[in-house]
Amino acid sequence: MDYKLFTKRVKHIYKYLFVLFAALTIGSSGLIYKILNPSFLSFSEEDNTETYTNAEEFDNIENNIHVATGFKDDEGLQLVIANCTSCHSAQLVTQNRATKEGWLSIIRWMQETQNLWDLGNNEAIIVDYLAKNYAPEKKGRRQALQQIEWYDLED
Amino acid sequence: MKRRHFIKNTVLGTTASILASDIVFSSAIPSGYVPIAFQEPDPYTLFGKDKEMTSLNNKPWNIEAKAHLLDDKITPNKYMFIRNNGIIPKNIDVSKWVLTIDGESVTKSKSYSLADLKAKFKQNTYQLTLECGGNGRSEFNPPAKGNQWTTGAVSCAEWTGIRLKDILEDVGIKSNAVYIGYHAADTHLSGDPEKEPISRGVPMHKALQDETLLAFEMNGEDIPLAHGYPLRLVVGGWPASASGKWVNRISVRNKIHDGTKMKAPAYRVPCKPVAPGETVKDEDMCIIESMPVKSLITYPKTGAMIKKGKQLNIRGHAWAGELVVKAMEYSIDFGSTWKSCDIENPVNRLAWQHFKASVNFPKKGYYEVWARATASNGVSQPMLVPGWNPKGYLNNACHRIAVIVK
């Protein structure tokens, strides 16, 4: 077996074992937690959230967009996913536009009032990612109507 | 490997998070967080919403209608916008639901079961207009942070419940009462049990109006979960954030209520007009009370193409916060000339009013039909986006639809 193939297989097995181990750990800790907190996971009907268990599926990028979150693929993406989507959806980020100062002030507001943690050295990377990919556009005082879907109106 | 997988897991740390990257500063992340990135729920079946509704945000849930979806005189659930600040409560047991009235300005705090409320007090039904304070935010320049609502964060449903003033009278309030503030069963996004997602309120004069309800029904049925089941405060004509959902406590305060999102800059606008982008100090921000005059063309949907010589019948709704709409007009020439629409009186105070008109076009081409309402105090909707404010509230600019005559 050549070295490359060997490495590839080891990596493959490593990934597989990793996911298996993770699943077992989650399962067992969940079970212990459930024993200690019987109400845990007794969700009512409205909560049917699904969870990605396959890390590779979660990593998919199509047309420069990270499919699972809708974020643009650029330097800092993984940090943004990890730090910005714990409390709120990615949509709350991607629908907003701000300058560097603007994004920083939003981060400060979240730290002061919404329990956002210290971002440390990653703050600069995250702010750069946001200011570059979600920068404000000049809209003027009233934009022209956009994205009109034309249709024939019969009586 | 390009990225290391990282597990953050403690025995009691609820679910461990597997992320496709390191969680840097993981020690600063409280245990129990599950990145929303891993969730993929379908809001339409979840909340019974029409597929044409726009989901702006899935944590917290924020979903809006489009103008043409709001054509019904009474908004059905499937077209009603959702604006949530926190997580919808789980496992609601109505038999154990208790409403407590407390605060500095009650003579003695008192609690009621839902059955008590229904049995003890007279029930009333009103159509009440609820519009998100940030409806239209997406048009502000420079942009304001938050959910980028376009035109669809407004509704007028039929609400049934008891008058807040009846229950406050039963409890007994002191003469120093200034404000009421609600508290509710929803939970904070961060998972912090000490934090309330939202706890707003209104001054006593609004709390004591006949139309201010503690409602159990919307459109003749139990209130849908996303809209506040089993008990919602409904305060028509004011920012819909005053209409607390899942309410379990109302405090009668001897000062302006100081709950979450009562303080600046939330649901406040500059007391004096400011230039676009200007920094405004917290103390110069004033609480929004009545919503401004506004209207929507709900038929036809924008993008209609008609044949030359055909009349276009338009219709929609208009509302004016605490006031009544006294005149409704449309323009097909970008405001150069205005023609009047027929406008109905409101079914009851604080209900939106219905208008209609038949529009003729002089020749082939591209047109926009603009609609403009005028309130009983003589104030009309602006054609441009109104005065900029830091949080992007109160955009009541004229609604317009595109039409081609061919």
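So that the names make sense, note that chain A is the first sequence line, chain B the second, and so on, each numbered from 1. We use all heavy atoms of the structure for the numbers below, so side chains are in, but hydrogens, waters and symmetry mates are not.
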Peer 1: Name the member of A:Gln95, A:Glu154, A:Arg97 that forms the most heavy-atom pairs with chain B at distances under 4.5 Å.
Peer 2: A:Gln95

Peer 1: Looking at chain A, which one of B:Arg137, B:Glu368, B:Lys301 has the largest number of heavy-atom pairs inside 4.5 Å, strictly under?
Peer 2: B:Lys301

Peer 1: Salt bridge or not between A:Arg142 and B:Glu139? Use side-chain N to carboxylate O under 4.0 Å.
Peer 2: yes

Peer 1: With distance as the sole test, does A:Gln91 use its side chain to make a donor-acceptor pair with the main-chain N or O of B:Asn58 at under 3.5 Å?
Peer 2: yes

Peer 1: Please determine, among B:Pro276, B:Pro142, B:Ala397, the option with the most heavy-atom pairs under 4.5 Å with chain A.
Peer 2: B:Ala397

Peer 1: Can the positive tip of B:Lys145 be found less than 6.0 Å from the middle of the six-membered ring of A:Trp109, inside 45° of the ring normal?
Peer 2: yes

Peer 1: Using a cut-off of under 4.5 Å on heavy-atom pairs, state which of B:Lys307, B:Gln148, B:Met383 scores highest against chain A.
Peer 2: B:Gln148

Peer 1: Picking from B:Pro300, B:Ala144, B:Pro143, B:Ala304, which has the most non-hydrogen pairs under 4.5 angstrom with chain A?
Peer 2: B:Ala304

Peer 1: To the closest 0.5 Å, what do you measure between CG (B:Leu384) and CZ (A:Arg141)?
Peer 2: 6.0 Å

Peer 1: Look at atom CG of A:Asn64 and say whether more than 12 heavy atoms of other residues, nucleotides or ligands are closer to it than 6.0 Å.
Peer 2: yes

Peer 1: To the nearest 0.5 Å, what is the distance between CG on A:Leu92 and CG on B:Leu56?
Peer 2: 9.5 Å

Peer 1: Any donor-acceptor pair under 3.5 Å linking the side chain of B:Lys195 with the backbone of A:Thr113?
Peer 2: yes

Peer 1: Strictly distance-based, threshold 3.5 Å: is any side-chain N or O of B:Lys59 a donor or acceptor partner for the main-chain N or O of A:Ser86?
Peer 2: yes

Peer 1: Where on A:Ile148 is there a heavy atom nearer than 4.5 Å to chain B: the side chain, the backbone, both, or neither?
Peer 2: side chain

Peer 1: Highest number of heavy-atom pairs under 4.5 Å with chain A: which of B:Thr302, B:Ile404, B:Ile306?
Peer 2: B:Ile404

Peer 1: Without swapping roles, check the side chain of A:Lys138 against the backbone of B:Asn141 for a donor-acceptor pair under 3.5 Å.
Peer 2: no

